[in-house]
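As a basis for the values below, the full set of heavy atoms in this structure was taken, side chains included, without hydrogen atoms, waters or symmetry mates. Ligands are counted one by one from 1 in listed order, and the atoms in each one are counted from 1 as well.
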Amino acid sequence: MAVDLLLGLQWGDEGKGKIVDVLTSKYNIIARFQGGPNAGHTLVFNGKKHVLHTIPSGIFHDDAMNLVGNGVVIDPVIFKGELKKLEEQNIDYRKSLLISRKAHIILPTHRLLDAASEASKGKAKIGSTLKGIGPTYMDKTGRNGIRVGDLELSDWKERYRTLADKHESMIAFYDAKIEYDLEELEIEFFKAIDILKSLKFIDSEEYIHQAQKAGKTILAEGAQGSLLDIDFGTYPYVTSSNTTAAGACTGLGVAPNQIGEVFGIFKAYTTRVGSGPFPTELFDEDGATMGRVGQEFGATTGRPRRCGWLDLVALKYACQVNGVTQLMMMKGDVLSGFKTLKVCTAYKYKGEIIHHFPYNIEPENVEPIYTEVSGWQEDLTAMSEDSQLPKALNDYIEFLEKELEVPITIVSVGPDRKQTIFR
Ligand code: GDP
Ligand code: IMO
Ligand code: MG
């Protein structure tokens, strides 16, 4: 069986967690392929909200296996907190959670390095979630990292010490001085490592290969969004992993010709948290309305998300880079009440009209060109069928499908599992 992918097409927080949870009943295995606790994936069902950071969003289903793939970076302390929350919900994760031996570990000093690096950047800061993501992936590509499988070796603590000592000397090198008590952080870290070690570590690429051979269905869950991709995102205001479809191949060990459907998720408008260019960003009442109605606050950091109109130039680019086969439009309910909606269909780039996503989208280079469409006034949140959707929303959907040349197969009309319409 081919492996299906689900990933975000914007700057993250599109609603990936919700849709993975909705789709899990169709899959045997849910596998996260990149990112780490910088992610915050929200699931809502039975009147309760759950936020996952590292653990795949299929964990609340009894019969699905959940794999943390080799492309993921794990902070044992945050992971422990996630497990505790699952225990409180009586989720028996021991039988349904597997961890790749090749996943890398975020050390306390990686988090400190992240903080020192950001503090030194001043105004040019990335707006990182400060979870140590960048420094951990740097150690991975620099071939210095500590992997989950290393925890099974007798000398891993010596390797830890050497790396943490090196990090401390690097922290001292930064202009910005940060305060920390490493001994205290290490007590917490080693306790969390013991919990992590009580879970099942596996050679995950072999596991996936065998599962495919046995006809099991697998859904790969992405984190962040395509515009935060280390190669294709708005560099340097990006994360440190490949968030796009190719990242699922390297992050799980799945060959490109084994990928099936690519589900691309986007909001009916756009949000971004952290620094970096955002051509359709709004600074007016419309943007404030999106933020308020959409409750646009980061699931990991609580920071307010910047809001703006849908950007089809960026979305088309994301569809191309990922080879999206089906689109899922989230949060259409948030736009109810707007008389007209704007959609960016081209950029004025250095004085010229262009339709592709250029190298540099800084505000001094790019001005969005908008097409106006009618809004809808109806409350969508109680709708459960395609036939109930208002005409103006159907027109919006058809307009987007025509522009993007990909069908929209799910329309989400609220945060709850049940508020999902299949087309
Ligand atoms: P993820 O990181 O892609 O999983 O997305 P987040 O969980 O960070 O952010 C999405 C937010 O929107 C969460 O608070 C969800 O509960 C919420 N959400 C998801 N889908 C919808 C929707 O269709 N309508 C509304 N109003 N909220 C939604
Ligand atoms: P999910 O999976 C939204 C953003 C940060 C920052 C930049 C780099 O919930 O969609 P990092 O911590 O990786 O060094 O931060 O990327 N960012 C996200 N924004 N959703 C996310 O994840 C994000 N993960 C990282 O705000 O701008
Ligand atoms: Mg999120």
Side-chain angles (χ1 to χ4, degrees), residues 6-22 32-45 48-54 56-57 72-73 75 106 110-111 113-115 117-118 121 125-138 221-230 233-241 243 265-269 271-278 290 292-306 328-336 379-381 383 410-421:
L6 182 143
L7 37 83
L9 299 179
Q10 295 161 316
W11 279 290
D13 302 331
E14 295 88 352
K16 299 174 289 293
K18 167 179 167 164
I19 296 298
V20 170
D21 172 56
V22 167
R32 259 286 290 274
F33 62 85
Q34 46 66 235
N38 47 349
H41 294 182
T42 314
L43 289 69
V44 179
F45 53 87
K48 250 202 157 125
K49 177 169 136 173
H50 309 269
V51 180
L52 297 165
H53 302 286
T54 330
S57 300
V72 176
V73 291
D75 183 328
I106 303 177
H110 282 131
R111 285 202 308 262
L113 276 169
D114 217 357
S117 164
E118 280 284 81
K121 283 192 163 147
K125 71 172 196 232
I126 308 294
S128 166
T129 60
L130 302 178
K131 303 295 179 199
I133 304 295
T136 306
Y137 279 115
M138 279 163 71
E221 174 179 2
Q224 289 79 55
S226 303
L227 302 178
L228 289 169
D229 182 275
I230 183 72
T234 47
Y235 193 88
Y237 301 101
V238 292
T239 191
S240 298
S241 63
T243 60
I265 306 223
F266 69 101
K267 281 180 187 164
Y269 49 101
T271 64
R272 173 164 208 172
V273 59
S275 327
F278 178 180
M290 291 170 189
R292 188 181 62 250
V293 180
Q295 296 185 10
E296 295 295 356
F297 294 94
T300 295
T301 58
R303 293 177 292 176
R305 296 177 183 140
R306 301 151 67 191
M328 289 154 183
M329 188 175 89
M330 313 301 288
K331 301 190 106 162
D333 55 297
V334 174
L335 295 183
S336 289
D379 176 3
L380 311 179
T381 55
M383 295 182 182
I410 284 183
V411 176
S412 173
V413 293
D416 195 278
R417 227 184 226 177
K418 289 192 197 135
Q419 291 168 301
T420 310
I421 297 176

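Contacts of His41 with ligand 2, taken as heavy-atom pairs under 4.0 Å, involve the side chain alone. At a heavy-atom cutoff of 4.0 Å, ligand 2 is contacted by no atom of Tyr237, backbone or side chain. At a heavy-atom distance under 4.0 Å, no atom of Thr300 approaches ligand 2. Contact annotation for Val293 and ligand 1: no heavy atom of the residue comes within less than 4.0 Å of the ligand. Contacts between His41 and ligand 1 below 4.0 angstrom, taking non-hydrogen atoms only, involve backbone and side chain alike. Contacts between Leu228 and ligand 2 below 4.0 angstrom, taking non-hydrogen atoms only, involve the side chain exclusively.
Atom 26 (N) of ligand 1 has Asp333 OD2, 2.7 Å as its closest protein atom, hydrogens excluded (heavy atom only). When only non-hydrogen protein atoms are considered, atom 19 (N) of ligand 2 lies nearest to Val273 CG1, 3.4 Å. The nearest heavy-atom contact from the protein to atom 27 (N) of ligand 1 is Lys331 CE, 3.2 Å. Here the heavy atom of the protein found nearest to atom 12 (O) of ligand 2 is Thr129 OG1, 2.5 Å. For atom 15 (C) of ligand 1, the closest heavy atom belonging to the protein is Thr42 CB, 4.0 Å.
Contact between Lys131 and ligand 2 is absent, with no heavy atom of the residue lying under 4.0 Å from the ligand. Using a non-hydrogen distance threshold of 4.0 Å, Gly414 registers as a contact of ligand 1. For Arg305, the closest heavy-atom approach to ligand 2 does not fall below 4.0 Å. Residue-ligand proximity: Arg305 is placed with a non-hydrogen atom under 4.0 Å from ligand 1.
In the vicinity of Met330, heavy-atom distances shorter than 4.0 Å reach the ligand 1 atoms 20 (N). Heavy-atom contacts of Gly17 reach the following atoms of ligand 1: 4 (O) (cutoff under 4.0 Å).
Closest N/O/S atom of Asp13 to the Mg ion (ligand 3): OD1.
Taking backbone and side-chain atoms together, Gly17 has no N/O/S atom less than 2.8 Å away from the Mg ion (ligand 3).
Residue-to-ligand polar distances keep Val334 apart from ligand 1: every N/O pair is separated by 3.5 Å or more. At least one N or O atom of Gly40 sits closer than 3.5 Å to an N or O atom of ligand 1. By the 3.5 Å distance cut-off applied to N or O atoms, Gly40 is counted among the residues near ligand 2.
A salt bridge links Arg305 with Asp13; the closest basic N to acidic carboxylate O contact falls under 4.0 Å.
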